[in-house]
Amino acid sequence: MRGEILSAVERRNMFLAPDAYKLVEENNEPMAFINSILNAMKDNQIFITKQDVLDFMYGDKGTMKEEKYIKPAVKFCSDIHVVDSTDITGKSTCTGVMKDFSKYFQDRYRSIKRILESNRKFGQSMPLAKALSYTDREVHVVGIIYSKNTYDNKSIGLKIEDDQGTVCNVYIPADSPASKNIFIEDQVIGIIGTPRKNKDKDKPASITASEIINPDVPETNAWQNSDSDSTIAFLSDVHIGSTTFLEKSWQKMIRWMKEASTSINLNYVVFPGDVVDGIGVFPDQEKELSIADIYEQYEALAEYLKDIPDHIKMVVHPGNHDAVRPAEPQPALNDIFTKTFDSNVILCGNPVYVEAEGRKVLTYHGRSIDDWVSNVQQLTYNDPIAVMKQMVVMRHLAPLYGQKTALAPEEKDYLVMNSIPDIFVSGHVHGAGHLNYRGIRMINASTWQDQTDYQKNHNFNPEPAIMPVVHLGNGTVKMMNFRT
Ligand SMILES: [Fe+2]
């Protein structure tokens, strides 16, 4: 805590006297307390004395004696942290050479294979080469899909590969329930089937699938109630700097936060990307910008975030409009943009797992929704929650390689959903909705930007100014509408 308090002071180029520090440390909510003090100091003030802290607490005159100092009775919780192993920030190793891609897809394959093998119905799999040596028995194999063909009679042919480099064809008869499965390239699946030898020895052998197993989450997965009384809110796609930023709706939400957020113990707010509108993201974007300078966009954002009550811890990660590499996983916003942010803002990469009072929150901006929608007939922009459900079924946020979502070939595939989240939130498509899927609270977290001309031309109808709030104890979800 000491480090956090002192770095908050340092960020403002101020110093805190040791006896002033003691008063801050004794407060029940030291970070919220020091932030309020810092906000109240004069611009040119450099040194914060004990008297300054007492003045802040008891008015300008500072008439109260030190002995009468009583700890304010606040009961705010701030038990939230980023799960470091899920955050790419500072850990990127890829240079884009072939070896990187090989490692990246090997990690994807092995991570999802582990999930598949933890499914009792599927159990242990065998390498493709070994499976193909049998013709008289059922085999369980894991493959990454290289290509897919649907034939006239509705049967499906897949070409799959395993981590040993063995390639094989998988045939799914039209009358098999397995043919109803959604298949996309670079997805990892489990296959139960029977191998067949090919008469032509130059052609690879194949497997006729009787069942396709998706990694998914178990049907028995459920939300376990806890004694937490806190709530967590999500504010996606704020788009500061856009001419269509909904200032009035935002201010209405801020007024509510100031007056009533403590009534529902709102202690955490997550921003799932596109916190600013950015520059040069789409053609002629400059015509739709009220702030045309990227640094100024983040400075303006810092000011908007200062209006959020100090006891609320915020988590901010980038989206495709933000000023970091577009390739996913994206690292946290650089300090050159965020130096004016308050210390109650936690910066991290996209995607990332955050733990709030023991709850696992997976937050992902959602760029890949574009690729899901353009490659899977059953999925549409009108139902982003259905897309998120497919991500859970495949336990991968962006399986398709080589589409609109650039994927950086890191040593580890950060887009695999390695652990089952309690809450899974996404943004990007500016929709608002939620669904309880096998215990997971899935949320599409709206936007604070009205429809832009670009969106109008692309028939994109946003549902703005809605703040989803989840109770961390019992999992109830509320969609709070602040549209003016
Ligand atoms: Fe956005």
Side-chain angles (χ1 to χ4, degrees), residues 233-247 249-250 253 269-292 294 297-298 300-301 304-305 314-330 332-333 337 348-352 363-374 380-385 387-388 391 397-398 403-406 424-433 443-468 479 482-483:
F234 301 94
L235 299 172
S236 194
D237 294 79
V238 180
H239 286 271
I240 297 292
S242 160
T243 50
T244 53
F245 169 62
L246 291 163
E247 177 80 34
S249 299
W250 177 270
M253 181 272 292
V269 177
V270 175
F271 294 77
D274 283 6
V275 283
V276 301
D277 207 42
I279 51 164
V281 182
F282 53 84
D284 293 332
Q285 189 192 10
E286 59 277 14
K287 290 176 191 157
E288 300 188 5
L289 290 177
S290 59
I291 306 171
I294 189 71
Q297 288 184 6
Y298 284 106
L301 171 70
Y304 281 104
L305 297 188
M314 292 175 264
V315 174
V316 172
H317 70 65
N320 57 304
H321 279 247
D322 286 288
V324 289
R325 75 172 186 192
E328 295 178 0
Q330 297 179 288
L333 291 164
F337 300 113
C348 56
N350 165 50
V352 83
T363 170
Y364 170 53
H365 178 62
R367 178 80 220 256
S368 72
I369 295 173
D370 296 331
D371 296 332
W372 285 93
V373 167
S374 52
T380 66
Y381 279 116
N382 293 329
D383 191 2
I385 292 285
V387 181
M388 292 173 71
M391 294 180 190
L397 300 170
Q403 309 265 321
K404 278 188 197 157
T405 314
F424 172 29
V425 62
S426 209
H428 187 57
V429 292
H430 298 198
I443 289 162
N444 196 236
S446 186
T447 176
W448 296 82
Q449 182 187 40
D450 210 349
Q451 192 181 40
T452 63
D453 285 343
Y454 179 81
Q455 290 169 342
K456 235 177 254 173
N457 294 337
H458 288 76
N459 204 15
F460 216 85
N461 296 304
E463 294 175 274
I466 293 171
M467 181 174 76
M479 304 296 275
F482 293 97
R483 190 78 205 252

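Both backbone and side-chain heavy atoms feed into the values below; hydrogens, waters and symmetry mates do not. Order of appearance sets the numbers: ligands from 1, and atoms from 1 within every ligand.
- Side-chain atoms of D322 come within 3.5 Å of backbone N or O of G319 as a donor-acceptor pair.
- The backbone N or O of I466 lies less than 3.5 Å from a partner atom in the side chain of S446, making a donor-acceptor pair.
- Residue contacts to the Fe ion (ligand 1): H428 brings no N, O or S atom closer than 2.8 Å.
- Among the heteroatoms counted here (N, O or S) of D237, OD2 is the one nearest to the Fe ion (ligand 1).
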Exercise for review: Begin with the C-alpha distance, continue with both residues' side-chain angles, and end with the deciding distance and a verdict on side chain to side chain contact (heavy atoms under 4.5 Å, CB included) for S368 and M391.
Suggested key: CA-CA 10 Å; S368 72; M391 294 180 190; 3.6 Å; yes
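- Vertex the Fe ion (ligand 1); arms to H239 atom NE2 and D274 atom OD2; angle 90° (nearest 10°).
- Judged by distance alone, the side chains of T243 and E288 never bring a donor and an acceptor atom under 3.5 Å apart.
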